[in-house]
Q: 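Before I ask anything, let me first share the structure, which is written out below as structure tokens.
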Amino acid sequence: MQDLPEFLLKLIFKDKTPTKQQLKNLILKASDLFTFLDSKRPEDYMKNQDFLRGYLAYFVPVNLAKIYSLLKELFRHPLISSNKDLKIVDIGCGPSPAILPVFKLFEEGIISLSYVRYIGVELEERVIQFGREIIERFKPKNLSVNYEFLKADAADVKTYIELKELRPDIMIFSNSLGEIFDNKGFRQEDFIKFIKYFTYHNERFSLIIIEPGTKKSASRLHGLRDSLIRELHLYPYSPCINNFPCPALKANNWCYEERKWIPPEYLSFLSAIGLQINYLKFSYVILRKDGLNIKDTFPEDDIVIKNTSHLLKEKGKSRLWGCWDGKLIDIEKLKRDYIEEDKWLKIKKGCYFSFDNFITLSEKKVRIPISGLVKILYCPEIVSFISL
């Protein structure tokens, strides 16, 4: 999909080459509606031509890269990647159809599908048209693809009733919760009831929810996670390694990812004006009906810890916060105990890691001694969705 950025620019500007100033103005206008002007964002914002152009240029590659990264993580599990057919429902898809990352994973040989069915749920006709054009341009010739868009409101019960017989393998909500709950008056219990429709006799069901990496969005997401686990008996696949209540939520903190990616070249100038362009910052959960978890892909006897922070370098030591057995644990290692090529120093935010020896300092604090062998089990790779 090397020409995705070029294709997006052609969709936006036809045969004209935009200037950096044009791109800057359009992208900042779209970005402001999701940040500083979030509370004033109109419900029909996708009808605004300038906003839609900025969204296509910036948010489409960003959103697709996030979905690609999470689907690649999900398909690490051999019991999931071995399936030959796939059905996806993408709620509030906008012009970023989640089937595109599936095409990329198929091209890379990470999944070997023979058939994929996709339903994108979107209310705006113009946005749906963009989605169709993008899919038509990039669908592989050697994969059987059945796709459609349902013009419907993501906060309308009729939408879910119409879809429930499909029994999707994957249901995706990408940046949808804010609009559903805030703008539509949707309640959490309504959401849980609708999701329940899709879990009946559907053991392969995965629910993927992606939200902005802000405290407000992440806290709401993880509160919803806890309720879905408690009431529907779904089990986390990732980033969580157990089904205990979210420890970050209990600590009035929030859990989010920062995944390095390779953005389109035409966005590179944005870092100079203060937009974070080199990292994808977001919160997410993947929940499964069958109880499969990312830790199944690691050695069975290893302790598994999810790093939720950056490695914090302090005088005489370095430390991080790890999610371990349903608790946020402060884990440290003294500089005097560093070893050559110490894997401890290579642990990034979002990595899963293990060690075979530790000293308990308190209920929520441990130290790795010089004899403690650190092993990195999995770190999300640099996301290169648009740059093969």
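FYI, the numbering just counts along the sequence from 1.
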Q: Going by the rule ring-ring contact (aromatic ring centres under 6.0 Å, His included), which residues pair with F353 if we only count those two or more places apart in sequence or in a different chain?
A: none
Q: Between S96 and Y55, does any side-chain donor sit less than 3.5 Å from a side-chain acceptor?
A: no
Q: For the cysteine pair C351 and C379, state whether the SG atoms are less than 2.5 angstrom apart.
A: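 Between C379 and C351 there is a disulfide, given that their SG atoms are under 2.5 Å apart.
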Q: Between E133 and R137, is there a salt bridge with N-O shorter than 4.0 Å?
A: no
Q: Between K193 and E189, is there a salt bridge with N-O shorter than 4.0 Å?
A: no
Q: Under 4.5 Å between any side-chain heavy atoms of I91 and L163, yes or no?
A: yes
Q: Are the side chains of K196 and Y160 in touch, meaning some heavy atoms are under 4.5 Å apart?
A: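 Not touching, per the 4.5 Å side-chain cut-off.
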Q: Does K295 make a cation-pi contact with Y352, if we ask for NZ or CZ under 6.0 Å from the ring centre and within 45° of the axis?
A: no
Q: Could you tell me if the side chain of I195 sits less than 4.5 Å from the side chain of F173, heavy atoms only?
A: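 In contact.
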Q: Report yes or no: does S354 contribute a side-chain atom to a donor-acceptor pair with the main-chain N or O of I303 at less than 3.5 Å?
A: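 The answer is yes, because a donor-acceptor pair under 3.5 Å joins these two groups.
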Q: Does either side chain, that of D90 or that of Y118, offer a donor lying less than 3.5 Å from an acceptor on the other one?
A: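 The answer is yes; a qualifying pair exists.
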Q: Considering residues, nucleotides and ligands other than E381, do more than 12 of their heavy atoms fall under 6.0 Å from its CD?
A: no
Q: Tell me, which pairs form a side chain to side chain donor-acceptor pair (under 3.5 Å) where one or both residues lie in residues 364-373, sequence neighbours left out?
A: D330-K365, E332-K365, E332-R367, N357-S371
Q: Does some side-chain heavy atom of W344 sit less than 4.5 Å from a side-chain heavy atom of L311?
A: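 The answer is yes; the side chains approach within 4.5 Å.
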Q: Counting C-beta onward and ignoring hydrogens, is there a side-chain heavy-atom pair between T308 and N253 closer than 4.5 Å?
A: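 Not touching, per the 4.5 Å side-chain cut-off.
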Q: Within the supplied structure, the quantity of interest is the number of heavy atoms (other residues, nucleotides, ligands) at a distance under 6.0 Å from K346 NZ; does it exceed 12?
A: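 Count not over threshold, so no.
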Q: What salt bridge (charged side-chain N to carboxylate O under 4.0 Å, His left out) pairs are there with at least one residue in residues 109-120, not counting sequence neighbours?
A: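 Every pair satisfying salt bridge (charged side-chain N to carboxylate O under 4.0 Å, His left out) with a residue in residues 109-120: R117-E148.
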Q: Report the hydrophobic cluster partners of L373, with the cluster defined as I, L, V, M, F, W, Y residues connected by side-chain heavy atoms closer than 4.5 angstrom, directly or transitively.
A: none
Q: Apply side chain to side chain donor-acceptor pair (under 3.5 Å) to T159 and list each qualifying residue two or more places apart in sequence or on a separate chain.
A: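 Side chain to side chain donor-acceptor pair (under 3.5 Å) list for T159, sorted by chain: empty.
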Q: Parallel, tilted or perpendicular: which one describes the rings of H77 and Y237, with boundaries at 30° and 60°?
A: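 H77 vs Y237 ring planes: tilted.
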Q: Below 3.5 Å, can you tabulate the donor-acceptor pairs from side chains in residues 238-252 to any protein atom, sequence neighbours excluded?
A:
| unit_1 | atom_1 | unit_2 | atom_2 | d |
| --- | --- | --- | --- | --- |
| S238 | OG | E73 | OE2 | 2.6 |
| S238 | OG | Y284 | OH | 3.4 |
| N242 | OD1 | F244 | N | 3.1 |

Q: Once salt bridge (charged side-chain N to carboxylate O under 4.0 Å, His left out) is applied, what residue pairs with a partner in residues 217-237 remain, sequence neighbours excluded?
A: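 Matches after skipping sequence neighbours: D182-R220.
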Q: If the plane angle is over 60° it's perpendicular, under 30° parallel, otherwise tilted; pick one for F149 and Y147.
A: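 Ring orientation, 0 to 90° scale: perpendicular.
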Q: Who are the side-chain contact (heavy atoms from CB on, under 4.5 Å) partners of S206, not counting sequence neighbours?
A: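 S206: side-chain contact (heavy atoms from CB on, under 4.5 Å) contacts with L74, I170, R288.
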Q: What's the shortest heavy-atom distance between P380 and G350, and which atoms?
A: CD-O, 3.7 Å
Q: Looking at CZ of F130 and CD of E125, how far apart are the two atoms once the value is rounded to the nearest 0.5 Å?
A: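 Rounded to the nearest 0.5 Å, the CZ-CD separation comes to 12.0 Å.
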Q: Counting only heavy atoms not in F13 (residues, nucleotides, ligands), do more than 12 fall under 6.0 Å from its CZ?
A: yes
Q: Could you give all pairs that pass the salt bridge (charged side-chain N to carboxylate O under 4.0 Å, His left out) test and reach residues 348-357, with sequence neighbours left out?
A: none
Q: Of all residues at least two apart in sequence or in a different chain, which pass the ring-ring contact (aromatic ring centres under 6.0 Å, His included) check with F7?
A: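 Once residues adjacent in sequence are excluded, the partners of F7 under the ring-ring contact (aromatic ring centres under 6.0 Å, His included) criterion are F138.
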Q: Near K327 NZ, under 6.0 Å, is it more than 12 heavy atoms from other residues, nucleotides or ligands?
A: no
Q: Using the test side-chain contact (heavy atoms from CB on, under 4.5 Å), find all partners of N25 that sit at least two apart in sequence or belong to another chain.
A: Q21
Q: Any idea which heavy atoms bring I277 and P263 closest together, and the distance?
A: O-CG, 3.7 Å
Q: Are any of the side-chain heavy atoms of L267 and I27 separated by less than 4.5 Å?
A: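 Yes - at least one pair of side-chain heavy atoms lies under 4.5 Å apart.
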Q: Any chance the rings of F355 and W324 have centres within less than 6.0 Å?
A: yes
Q: Can you tell me which residue pairs pass the side chain to side chain donor-acceptor pair (under 3.5 Å) test with a partner in residues 78-88, sequence neighbours excluded?
A: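 Qualifying pairs, neighbours excluded: K84-S112.
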Q: Hey, is the main chain of K333 close enough, under 3.5 Å, to the side chain of D337 for a donor-acceptor pair?
A: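 Absent.
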Q: Kindly give the heavy-atom pair with the smallest separation between Y266 and P5, and that separation in Å.
A: CE2-CB, 3.6 Å
